[in-house]
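The structure appears right after this line, and notes come after that.
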Amino acid sequence: MTFPEQPLDRDAVLGHLRALHAGDTDWRDGQMFAYIYDPGRAAEEVAADANRLFLGTNALDPTVFPSVLGLETELVRMVASLLGGGPSAVGNFTSGGTESIMLAVKAARDHARARRPDLARPELVLPVTAHAAFHKAADYLGLTPVMVPVDPATCTPDPDAIRRAVTDDTALIVASAPSFAHGVVDPIADIGAVALERDVPFHVDACVGGFLLPFFRRLGADVAPFDLSVPGVTTLSVDLHKYAFAPRGASLLLHRDDTLRRRQIFACAEWTGYTVVNTAVQSSRSAGPLAAAWATVRFLGGEGYLALARKTLDATRRLIAGVEAIDGLSLMGRPNFSMIAAVADGFSVFHVVDEMKARGWTIQAQLAYDETLPENLHFSVNPGNAHQIDAMLADLADAVEAAKQLPTRTPASQVAAALATLTPADLDGGRLAALLGQAGLSSSALPDRMAFVSELLNGLPRTHRERLLVEYINQIFR
Ligand SMILES: *Cc1c(COP(=O)(O)O)cnc(C)c1O
(Lines give C-alpha, C1' and ligand atoms only; values in the text may rest on other atoms or scores of the structure.)
Protein backbone atom coordinates (compact mmCIF):
# COMPACT_ATOMS: atom_id res chain seq x y z
CA MET A 1 0.00 0.00 0.00
CA THR A 2 1.36 3.38 -0.96
CA PHE A 3 0.62 6.64 0.80
CA PRO A 4 -3.08 7.49 0.27
CA GLU A 5 -3.63 10.86 -1.40
CA GLN A 6 -7.44 10.68 -1.40
CA PRO A 7 -9.13 11.45 1.94
CA LEU A 8 -11.62 8.87 3.14
CA ASP A 9 -14.84 10.09 4.69
CA ARG A 10 -15.61 9.44 8.32
CA ASP A 11 -18.01 6.55 7.62
CA ALA A 12 -15.51 4.81 5.39
CA VAL A 13 -12.70 5.21 7.91
CA LEU A 14 -14.75 3.90 10.80
CA GLY A 15 -16.32 1.19 8.65
CA HIS A 16 -12.89 -0.12 7.79
CA LEU A 17 -11.87 -0.15 11.45
CA ARG A 18 -15.11 -1.89 12.48
CA ALA A 19 -14.54 -4.60 9.91
CA LEU A 20 -11.02 -5.22 11.20
CA HIS A 21 -12.26 -5.21 14.76
CA ALA A 22 -14.91 -7.80 13.94
CA GLY A 23 -12.12 -10.20 12.94
CA ASP A 24 -10.64 -10.20 16.46
CA THR A 25 -11.67 -12.66 19.14
CA ASP A 26 -14.69 -11.24 20.96
CA TRP A 27 -14.02 -10.98 24.67
CA ARG A 28 -17.39 -9.63 25.75
CA ASP A 29 -18.96 -13.05 26.15
CA GLY A 30 -16.43 -13.98 28.84
CA GLN A 31 -14.85 -16.82 26.90
CA MET A 32 -11.29 -15.50 27.22
CA PHE A 33 -9.29 -16.60 30.26
CA ALA A 34 -6.38 -14.32 29.40
CA TYR A 35 -5.68 -10.72 28.34
CA ILE A 36 -8.97 -9.20 29.52
CA TYR A 37 -10.02 -7.39 32.72
CA ASP A 38 -13.67 -6.45 32.32
CA PRO A 39 -15.56 -4.43 34.95
CA GLY A 40 -18.74 -4.19 32.84
CA ARG A 41 -20.19 -1.54 30.54
CA ALA A 42 -20.89 1.22 33.06
CA ALA A 43 -17.28 1.58 34.25
CA GLU A 44 -16.00 1.11 30.72
CA GLU A 45 -18.13 3.99 29.46
CA VAL A 46 -17.11 6.40 32.22
CA ALA A 47 -13.48 5.64 31.36
CA ALA A 48 -14.08 6.10 27.64
CA ASP A 49 -15.72 9.50 28.24
CA ALA A 50 -12.88 10.58 30.52
CA ASN A 51 -10.35 9.46 27.94
CA ARG A 52 -12.06 11.44 25.20
CA LEU A 53 -12.21 14.55 27.40
CA PHE A 54 -8.42 14.47 27.89
CA LEU A 55 -7.40 12.91 24.58
CA GLY A 56 -5.85 16.13 23.31
CA THR A 57 -4.25 17.19 26.57
CA ASN A 58 -0.48 16.69 26.52
CA ALA A 59 0.90 15.17 29.71
CA LEU A 60 4.38 16.32 28.59
CA ASP A 61 4.23 19.42 30.72
CA PRO A 62 2.23 19.52 33.98
CA THR A 63 3.07 23.19 34.45
CA VAL A 64 1.12 24.04 31.31
CA PHE A 65 -1.67 21.52 32.00
CA PRO A 66 -2.13 21.61 35.78
CA SER A 67 -5.01 19.11 35.49
CA VAL A 68 -2.39 16.46 34.74
CA LEU A 69 -0.49 17.21 37.93
CA GLY A 70 -3.74 17.21 39.90
CA LEU A 71 -5.04 13.93 38.51
CA GLU A 72 -1.71 12.15 38.78
CA THR A 73 -0.91 13.18 42.36
CA GLU A 74 -4.46 12.41 43.48
CA LEU A 75 -4.37 8.97 41.85
CA VAL A 76 -0.99 8.24 43.43
CA ARG A 77 -2.22 9.32 46.89
CA MET A 78 -5.35 7.18 46.62
CA VAL A 79 -3.51 4.06 45.49
CA ALA A 80 -0.56 4.55 47.86
CA SER A 81 -3.00 4.59 50.78
CA LEU A 82 -4.53 1.33 49.52
CA LEU A 83 -1.06 -0.22 49.30
CA GLY A 84 0.52 0.64 52.62
CA GLY A 85 2.23 3.87 51.59
CA GLY A 86 2.89 6.32 54.42
CA PRO A 87 2.71 10.12 54.21
CA SER A 88 6.11 10.23 52.50
CA ALA A 89 5.17 7.81 49.72
CA VAL A 90 5.42 9.27 46.20
CA GLY A 91 4.81 7.89 42.73
CA ASN A 92 4.06 8.49 39.10
CA PHE A 93 1.71 7.41 36.36
CA THR A 94 3.14 5.35 33.49
CA SER A 95 1.83 3.60 30.38
CA GLY A 96 1.99 0.09 31.84
CA GLY A 97 3.77 -2.44 33.99
CA THR A 98 6.76 -2.60 31.68
CA GLU A 99 7.33 1.15 31.92
CA SER A 100 6.88 1.17 35.71
CA ILE A 101 9.39 -1.66 36.00
CA MET A 102 11.81 0.00 33.59
CA LEU A 103 11.76 3.14 35.75
CA ALA A 104 12.19 1.22 39.01
CA VAL A 105 15.23 -0.55 37.57
CA LYS A 106 16.68 2.70 36.20
CA ALA A 107 16.27 4.41 39.57
CA ALA A 108 17.95 1.51 41.37
CA ARG A 109 20.73 1.34 38.82
CA ASP A 110 21.53 5.04 39.11
CA HIS A 111 21.36 4.82 42.90
CA ALA A 112 23.86 1.93 42.83
CA ARG A 113 26.18 3.86 40.52
CA ALA A 114 26.01 6.94 42.72
CA ARG A 115 27.12 4.84 45.69
CA ARG A 116 29.72 2.90 43.65
CA PRO A 117 31.00 5.00 40.73
CA ASP A 118 33.26 2.10 39.65
CA LEU A 119 30.33 -0.30 39.29
CA ALA A 120 30.37 -1.43 35.65
CA ARG A 121 27.52 -3.97 35.51
CA PRO A 122 25.01 -3.61 38.33
CA GLU A 123 23.08 -6.80 39.11
CA LEU A 124 19.36 -7.46 39.35
CA VAL A 125 18.38 -10.34 41.66
CA LEU A 126 15.41 -12.05 40.00
CA PRO A 127 13.42 -15.14 40.92
CA VAL A 128 12.82 -17.13 37.70
CA THR A 129 9.13 -16.32 38.12
CA ALA A 130 9.72 -12.54 37.90
CA HIS A 131 8.05 -10.98 34.87
CA ALA A 132 9.90 -10.77 31.54
CA ALA A 133 9.74 -6.96 31.84
CA PHE A 134 12.66 -7.13 34.31
CA HIS A 135 14.77 -8.92 31.70
CA LYS A 136 13.78 -6.28 29.21
CA ALA A 137 14.79 -3.55 31.67
CA ALA A 138 18.11 -5.30 32.35
CA ASP A 139 18.70 -5.62 28.62
CA TYR A 140 17.85 -1.98 27.84
CA LEU A 141 19.61 -0.54 30.88
CA GLY A 142 22.76 -2.67 31.04
CA LEU A 143 22.24 -4.73 34.19
CA THR A 144 23.02 -8.40 34.69
CA PRO A 145 20.10 -10.56 35.85
CA VAL A 146 21.11 -12.95 38.65
CA MET A 147 18.53 -15.71 38.59
CA VAL A 148 17.15 -17.37 41.70
CA PRO A 149 15.30 -20.68 41.30
CA VAL A 150 11.89 -21.34 42.84
CA ASP A 151 10.73 -24.37 44.79
CA PRO A 152 8.71 -26.43 42.26
CA ALA A 153 6.17 -27.27 44.98
CA THR A 154 5.37 -23.65 45.90
CA CYS A 155 6.71 -21.81 42.82
CA THR A 156 8.26 -19.22 45.19
CA PRO A 157 11.92 -18.39 45.86
CA ASP A 158 13.66 -19.19 49.13
CA PRO A 159 14.62 -15.92 50.90
CA ASP A 160 17.95 -17.53 51.84
CA ALA A 161 18.67 -18.18 48.16
CA ILE A 162 17.96 -14.50 47.54
CA ARG A 163 20.34 -13.56 50.35
CA ARG A 164 23.05 -15.70 48.75
CA ALA A 165 22.44 -14.10 45.34
CA VAL A 166 23.00 -10.58 46.69
CA THR A 167 26.53 -9.25 46.13
CA ASP A 168 28.22 -5.86 46.43
CA ASP A 169 27.10 -5.29 42.83
CA THR A 170 23.38 -5.83 43.46
CA ALA A 171 21.33 -2.79 42.48
CA LEU A 172 17.88 -4.22 43.17
CA ILE A 173 16.07 -7.27 44.53
CA VAL A 174 12.77 -8.17 42.88
CA ALA A 175 9.81 -10.26 44.02
CA SER A 176 6.24 -10.69 42.80
CA ALA A 177 2.87 -10.23 44.46
CA PRO A 178 1.84 -12.42 42.77
CA SER A 179 3.82 -13.88 39.87
CA PHE A 180 1.86 -13.78 36.64
CA ALA A 181 2.66 -17.38 35.73
CA HIS A 182 1.37 -19.19 38.83
CA GLY A 183 -0.58 -16.59 40.80
CA VAL A 184 1.49 -17.13 43.94
CA VAL A 185 2.73 -14.33 46.19
CA ASP A 186 6.45 -14.47 47.02
CA PRO A 187 7.50 -14.30 50.72
CA ILE A 188 7.69 -10.50 50.62
CA ALA A 189 8.27 -9.89 54.36
CA ASP A 190 11.22 -12.32 54.51
CA ILE A 191 12.75 -10.90 51.34
CA GLY A 192 12.24 -7.39 52.75
CA ALA A 193 14.29 -8.44 55.76
CA VAL A 194 17.10 -9.58 53.44
CA ALA A 195 16.94 -6.26 51.60
CA LEU A 196 17.23 -4.31 54.87
CA GLU A 197 20.03 -6.52 56.14
CA ARG A 198 22.03 -6.02 52.91
CA ASP A 199 20.91 -2.40 52.46
CA VAL A 200 19.71 -3.03 48.91
CA PRO A 201 16.56 -1.55 47.30
CA PHE A 202 13.68 -4.01 46.93
CA HIS A 203 10.97 -3.80 44.27
CA VAL A 204 7.65 -5.57 44.69
CA ASP A 205 5.98 -6.30 41.38
CA ALA A 206 2.31 -5.96 42.26
CA CYS A 207 1.44 -5.10 38.65
CA VAL A 208 -1.30 -7.69 38.50
CA GLY A 209 -2.00 -8.14 42.21
CA GLY A 210 -1.96 -4.63 43.61
CA PHE A 211 -5.62 -3.87 42.99
CA LEU A 212 -7.04 -7.29 43.83
CA LEU A 213 -5.09 -8.66 46.81
CA PRO A 214 -6.27 -5.86 49.18
CA PHE A 215 -9.88 -6.70 48.32
CA PHE A 216 -9.33 -10.46 48.57
CA ARG A 217 -8.01 -9.72 52.05
CA ARG A 218 -11.14 -7.73 52.95
CA LEU A 219 -13.12 -10.77 51.84
CA GLY A 220 -11.27 -12.92 54.35
CA ALA A 221 -8.80 -14.61 52.00
CA ASP A 222 -5.37 -15.32 53.44
CA VAL A 223 -3.20 -12.55 51.96
CA ALA A 224 0.24 -12.12 53.50
CA PRO A 225 1.64 -8.56 53.76
CA PHE A 226 3.08 -7.65 50.37
CA ASP A 227 2.97 -3.87 49.93
CA LEU A 228 4.78 -0.68 51.00
CA SER A 229 3.88 -1.42 54.63
CA VAL A 230 6.46 -4.23 54.59
CA PRO A 231 9.84 -3.03 55.93
CA GLY A 232 12.50 -3.10 53.23
CA VAL A 233 10.18 -2.58 50.24
CA THR A 234 11.40 0.55 48.43
CA THR A 235 9.32 0.55 45.22
CA LEU A 236 6.14 -1.14 44.03
CA SER A 237 4.52 -1.33 40.61
CA VAL A 238 0.75 -1.64 40.25
CA ASP A 239 -1.03 -1.73 36.91
CA LEU A 240 -4.28 0.15 36.69
CA HIS A 241 -5.08 -1.51 33.37
CA LYS A 242 -5.36 -4.91 35.03
CA TYR A 243 -7.53 -5.38 38.14
CA ALA A 244 -8.16 -1.64 38.55
CA PHE A 245 -10.06 -2.06 35.24
CA ALA A 246 -8.80 1.18 33.65
CA PRO A 247 -8.35 1.14 29.86
CA ARG A 248 -4.88 0.05 28.78
CA GLY A 249 -2.01 2.49 29.08
CA ALA A 250 -2.22 2.87 32.87
CA SER A 251 0.13 1.85 35.67
CA LEU A 252 1.77 3.41 38.72
CA LEU A 253 5.27 3.20 40.12
CA LEU A 254 5.13 3.91 43.86
CA HIS A 255 8.12 4.73 46.08
CA ARG A 256 8.35 4.41 49.85
CA ASP A 257 9.78 7.98 49.82
CA ASP A 258 11.44 10.34 47.37
CA THR A 259 15.03 9.05 47.81
CA LEU A 260 15.00 6.75 44.78
CA ARG A 261 12.34 8.72 42.90
CA ARG A 262 14.91 11.44 42.22
CA ARG A 263 16.84 8.84 40.19
CA GLN A 264 13.74 7.96 38.21
CA ILE A 265 13.33 11.48 36.85
CA PHE A 266 15.17 12.48 33.70
CA ALA A 267 16.09 16.05 32.90
CA CYS A 268 17.94 17.31 29.86
CA ALA A 269 19.38 20.74 29.20
CA GLU A 270 21.87 19.43 26.61
CA TRP A 271 19.94 20.38 23.53
CA THR A 272 18.59 23.50 21.89
CA GLY A 273 14.85 22.96 22.36
CA TYR A 274 12.30 23.22 25.17
CA THR A 275 13.30 22.16 28.65
CA VAL A 276 12.84 18.43 29.13
CA VAL A 277 12.09 16.87 32.49
CA ASN A 278 10.24 13.54 32.47
CA THR A 279 8.92 11.35 35.26
CA ALA A 280 8.34 8.50 32.80
CA VAL A 281 9.97 6.98 29.72
CA GLN A 282 7.42 8.57 27.41
CA SER A 283 7.56 12.30 26.86
CA SER A 284 4.72 13.75 24.74
CA ARG A 285 1.66 11.65 25.53
CA SER A 286 -2.08 11.96 25.85
CA ALA A 287 -3.50 12.61 29.31
CA GLY A 288 -6.44 10.43 28.24
CA PRO A 289 -5.26 7.20 29.89
CA LEU A 290 -4.52 9.08 33.14
CA ALA A 291 -7.97 10.69 33.20
CA ALA A 292 -9.59 7.36 32.33
CA ALA A 293 -7.74 5.60 35.16
CA TRP A 294 -8.65 8.32 37.65
CA ALA A 295 -12.27 8.14 36.51
CA THR A 296 -12.40 4.35 36.85
CA VAL A 297 -10.97 4.39 40.37
CA ARG A 298 -13.36 7.13 41.49
CA PHE A 299 -16.36 5.58 39.73
CA LEU A 300 -15.88 2.13 41.27
CA GLY A 301 -14.46 3.12 44.66
CA GLY A 302 -13.63 0.56 47.34
CA GLU A 303 -17.18 -0.74 47.37
CA GLY A 304 -17.19 -1.31 43.63
CA TYR A 305 -13.82 -3.05 43.71
CA LEU A 306 -14.93 -5.21 46.60
CA ALA A 307 -18.01 -6.39 44.73
CA LEU A 308 -15.93 -7.20 41.63
CA ALA A 309 -13.34 -8.97 43.80
CA ARG A 310 -16.06 -11.08 45.46
CA LYS A 311 -17.23 -12.28 42.06
CA THR A 312 -13.65 -13.00 41.01
CA LEU A 313 -12.70 -14.83 44.21
CA ASP A 314 -15.80 -17.00 44.11
CA ALA A 315 -15.16 -17.87 40.45
CA THR A 316 -11.49 -18.61 41.16
CA ARG A 317 -12.39 -21.05 43.92
CA ARG A 318 -14.77 -22.87 41.57
CA LEU A 319 -12.08 -22.89 38.88
CA ILE A 320 -9.48 -24.38 41.23
CA ALA A 321 -11.87 -27.08 42.45
CA GLY A 322 -12.94 -27.82 38.87
CA VAL A 323 -9.41 -28.10 37.50
CA GLU A 324 -8.32 -30.35 40.36
CA ALA A 325 -11.30 -32.61 39.63
CA ILE A 326 -10.18 -33.20 36.02
CA ASP A 327 -8.22 -36.42 35.69
CA GLY A 328 -4.70 -35.65 34.49
CA LEU A 329 -4.55 -31.94 35.45
CA SER A 330 -2.86 -30.63 38.59
CA LEU A 331 -2.13 -27.14 39.88
CA MET A 332 1.33 -25.61 40.04
CA GLY A 333 2.03 -24.16 43.47
CA ARG A 334 -0.80 -23.01 45.70
CA PRO A 335 -2.28 -19.95 44.00
CA ASN A 336 -3.33 -17.04 46.26
CA PHE A 337 -4.76 -15.21 43.31
CA SER A 338 -7.22 -15.26 40.43
CA MET A 339 -4.59 -16.70 38.11
CA ILE A 340 -3.67 -20.34 38.12
CA ALA A 341 -1.44 -22.71 36.19
CA ALA A 342 -2.03 -26.43 35.68
CA VAL A 343 0.25 -29.17 34.34
CA ALA A 344 -0.91 -32.20 32.36
CA ASP A 345 0.03 -35.77 33.10
CA GLY A 346 0.49 -37.87 29.96
CA PHE A 347 -0.94 -35.56 27.31
CA SER A 348 0.01 -32.27 25.65
CA VAL A 349 -1.24 -29.00 27.14
CA PHE A 350 -0.77 -27.49 23.69
CA HIS A 351 -3.44 -29.79 22.28
CA VAL A 352 -5.73 -28.76 25.14
CA VAL A 353 -5.30 -25.10 24.17
CA ASP A 354 -6.17 -25.92 20.53
CA GLU A 355 -9.13 -28.09 21.54
CA MET A 356 -10.40 -25.29 23.78
CA LYS A 357 -10.01 -22.79 20.96
CA ALA A 358 -12.12 -25.04 18.73
CA ARG A 359 -14.79 -24.90 21.48
CA GLY A 360 -14.63 -21.08 21.60
CA TRP A 361 -12.36 -20.57 24.63
CA THR A 362 -9.07 -18.70 24.85
CA ILE A 363 -6.61 -20.01 27.41
CA GLN A 364 -2.86 -19.48 27.44
CA ALA A 365 -0.12 -22.07 27.25
CA GLN A 366 3.09 -21.38 29.17
CA LEU A 367 6.26 -23.06 27.96
CA ALA A 368 8.46 -25.21 30.16
CA TYR A 369 11.14 -23.26 32.00
CA ASP A 370 13.20 -26.29 32.96
CA GLU A 371 12.65 -29.89 34.11
CA THR A 372 11.17 -28.70 37.41
CA LEU A 373 8.70 -26.23 35.83
CA PRO A 374 7.04 -28.00 32.86
CA GLU A 375 4.79 -26.55 30.16
CA ASN A 376 1.34 -25.72 31.52
CA LEU A 377 -2.07 -24.16 31.04
CA HIS A 378 -2.72 -20.68 32.41
CA PHE A 379 -6.16 -19.32 33.36
CA SER A 380 -6.93 -15.73 34.41
CA VAL A 381 -10.28 -15.08 36.05
CA ASN A 382 -11.89 -11.64 35.98
CA PRO A 383 -15.40 -10.35 36.65
CA GLY A 384 -16.16 -10.59 32.93
CA ASN A 385 -15.62 -14.36 32.67
CA ALA A 386 -16.73 -15.36 36.18
CA HIS A 387 -20.19 -16.40 34.95
CA GLN A 388 -18.60 -18.76 32.42
CA ILE A 389 -16.56 -20.92 34.82
CA ASP A 390 -18.90 -23.90 34.86
CA ALA A 391 -19.39 -23.93 31.10
CA MET A 392 -15.65 -23.54 30.58
CA LEU A 393 -14.83 -26.39 32.97
CA ALA A 394 -17.26 -28.71 31.17
CA ASP A 395 -15.53 -28.02 27.86
CA LEU A 396 -12.11 -28.27 29.51
CA ALA A 397 -12.88 -31.81 30.68
CA ASP A 398 -13.90 -32.58 27.12
CA ALA A 399 -10.82 -30.95 25.62
CA VAL A 400 -8.57 -32.94 27.96
CA GLU A 401 -10.20 -36.18 26.80
CA ALA A 402 -9.67 -35.13 23.18
CA ALA A 403 -6.01 -34.21 23.87
CA LYS A 404 -5.42 -37.64 25.41
CA GLN A 405 -6.26 -39.17 22.01
CA LEU A 406 -3.66 -37.02 20.22
CA PRO A 407 0.07 -37.85 20.03
CA THR A 408 2.14 -36.27 22.80
CA ARG A 409 5.37 -36.38 20.78
CA THR A 410 4.48 -34.36 17.72
CA PRO A 411 6.94 -34.08 14.83
CA ALA A 412 7.78 -30.70 16.36
CA SER A 413 9.80 -32.37 19.11
CA GLN A 414 12.06 -33.96 16.50
CA VAL A 415 12.48 -30.69 14.64
CA ALA A 416 13.30 -28.99 17.93
CA ALA A 417 15.89 -31.62 18.77
CA ALA A 418 17.59 -31.04 15.41
CA LEU A 419 17.47 -27.25 15.81
CA ALA A 420 18.86 -27.39 19.31
CA THR A 421 22.16 -28.66 17.88
CA LEU A 422 22.58 -25.37 15.98
CA THR A 423 23.77 -22.15 17.57
CA PRO A 424 21.11 -19.47 18.05
CA ALA A 425 22.83 -17.29 15.43
CA ASP A 426 22.19 -20.01 12.80
CA LEU A 427 18.45 -19.53 13.26
CA ASP A 428 18.04 -16.81 10.65
CA GLY A 429 15.10 -15.76 8.50
CA GLY A 430 15.82 -18.38 5.84
CA ARG A 431 15.96 -21.21 8.34
CA LEU A 432 12.70 -20.00 9.89
CA ALA A 433 10.93 -19.83 6.52
CA ALA A 434 12.08 -23.39 5.74
CA LEU A 435 10.84 -24.54 9.12
CA LEU A 436 7.45 -22.93 8.74
CA GLY A 437 7.14 -24.37 5.24
CA GLN A 438 8.00 -27.84 6.52
CA ALA A 439 5.18 -27.49 9.06
CA GLY A 440 2.74 -26.31 6.38
CA LEU A 441 2.68 -22.85 7.95
CA SER A 442 3.42 -19.46 6.47
CA SER A 443 4.56 -16.19 7.92
CA SER A 444 1.58 -14.37 6.38
CA ALA A 445 -1.29 -16.18 8.14
CA LEU A 446 -1.54 -17.20 11.76
CA PRO A 447 -2.04 -20.96 12.13
CA ASP A 448 -5.35 -22.38 13.29
CA ARG A 449 -3.81 -24.91 15.63
CA MET A 450 -0.79 -23.71 17.56
CA ALA A 451 0.31 -27.07 19.00
CA PHE A 452 3.08 -27.61 16.45
CA VAL A 453 4.58 -24.17 17.00
CA SER A 454 4.26 -24.40 20.78
CA GLU A 455 5.79 -27.91 20.90
CA LEU A 456 8.62 -26.71 18.72
CA LEU A 457 9.40 -23.70 20.94
CA ASN A 458 8.94 -25.82 24.05
CA GLY A 459 11.52 -28.31 22.80
CA LEU A 460 14.19 -25.65 22.25
CA PRO A 461 16.71 -24.12 24.64
CA ARG A 462 15.50 -20.69 25.82
CA THR A 463 18.11 -18.77 23.81
CA HIS A 464 16.95 -20.55 20.63
CA ARG A 465 13.33 -19.73 21.44
CA GLU A 466 14.12 -16.06 21.74
CA ARG A 467 15.99 -16.07 18.46
CA LEU A 468 13.16 -17.79 16.55
CA LEU A 469 10.57 -15.44 18.02
CA VAL A 470 12.55 -12.40 16.92
CA GLU A 471 12.94 -13.81 13.40
CA TYR A 472 9.23 -14.58 13.20
CA ILE A 473 8.15 -11.11 14.28
CA ASN A 474 10.76 -9.58 11.99
CA GLN A 475 9.04 -11.50 9.17
CA ILE A 476 5.39 -10.77 9.90
CA PHE A 477 5.59 -7.00 10.35
CA ARG A 478 6.07 -6.16 6.67
C1 LIG B 1 1.31 -7.57 33.31
C2 LIG B 1 2.47 -7.70 34.21
C3 LIG B 1 3.65 -6.97 34.00
C4 LIG B 1 3.90 -6.14 32.74
O5 LIG B 1 2.95 -5.22 32.54
P6 LIG B 1 2.52 -4.62 31.10
O7 LIG B 1 1.44 -3.71 31.53
O8 LIG B 1 2.07 -5.75 30.24
O9 LIG B 1 3.67 -3.89 30.54
C10 LIG B 1 4.63 -7.08 34.94
N11 LIG B 1 4.49 -7.88 36.01
C12 LIG B 1 3.39 -8.61 36.24
C13 LIG B 1 3.30 -9.49 37.44
C14 LIG B 1 2.34 -8.55 35.34
O15 LIG B 1 1.24 -9.30 35.53
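Numbering of ligands and ligand atoms starts at 1, following listing order.
In terms of protein heavy-atom proximity, atom 15 (O) of ligand 1 is nearest to Lys242 NZ, 3.0 Å.
Contact annotation for Thr98 and ligand 1: heavy atoms of both the backbone and the side chain come within less than 4.0 Å of the ligand. Under 4.0 angstrom from ligand 1, there are no non-hydrogen atoms of Ala133. The residue Glu99 has no part lying near ligand 1, judged by heavy-atom distances below 4.0 Å.
Taking a cutoff of 4.0 Å between a charged side-chain nitrogen and a carboxylate oxygen, Glu99 and Lys106 do not qualify as a salt bridge.
Listed by number with element, the atoms of ligand 1 under 4.0 Å from a non-hydrogen atom of Asp205 are 10 (C), 11 (N), 12 (C), 13 (C). Below 4.0 Å from some heavy atom of Val208 lie the following atoms of ligand 1, by number and element: 15 (O). Near Phe180, the atoms of ligand 1 lying under 4.0 angstrom from a non-hydrogen atom of the residue are 15 (O). Of all atoms in ligand 1, numbered sequentially from 1 with element shown, those under 4.0 Å from a heavy atom of Gly97 are 4 (C), 5 (O), 6 (P), 7 (O), 9 (O). Close approach to Gly96 involves these atoms of ligand 1, each under 4.0 Å from a residue heavy atom: 7 (O). Which parts of ligand 1 touch Ile101 is read off a 4.0 Å heavy-atom cut-off, strictly below it: atoms 10 (C).
Note: Tyr305 and Phe215 meet the aromatic proximity criterion, with ring centroids under 6.0 Å apart. Checked against the 6.0 Å centroid threshold, Phe134 and His203 count as a close aromatic pair.
No N or O atom of Ser179 sits closer than 3.5 Å to an N or O atom of ligand 1.
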Report task. Any chance you could lay out the ring pair (Phe, Tyr, Trp, His ring centres under 6.0 Å) test for His378 and Phe180, step after step, and finish with the verdict? Result -> CA-CA 9 Å; His378 184 264; Phe180 182 91; 4.6 Å; yes
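Checking each of Ile340, Thr156, Thr154 against Arg334 for a side-chain contact (heavy atoms from CB on, under 4.5 Å) leaves exactly one that passes, namely Thr154. Residue Val174 is tested with Val125, Leu124, Ile101 for a side-chain contact (heavy atoms from CB on, under 4.5 Å); the sole match is Leu124.
Not close to ligand 1: Arg248, with no non-hydrogen atom less than 4.0 angstrom away.
Between Gln264 and His255, the side chains place a donor N or O and an acceptor N or O closer than 3.5 Å (distance only, hydrogens not considered).
Rounding to the nearest 0.5 angstrom, the gap separating the CD atom in Gln366 from the CG atom in Asn376 is 4.5 Å.
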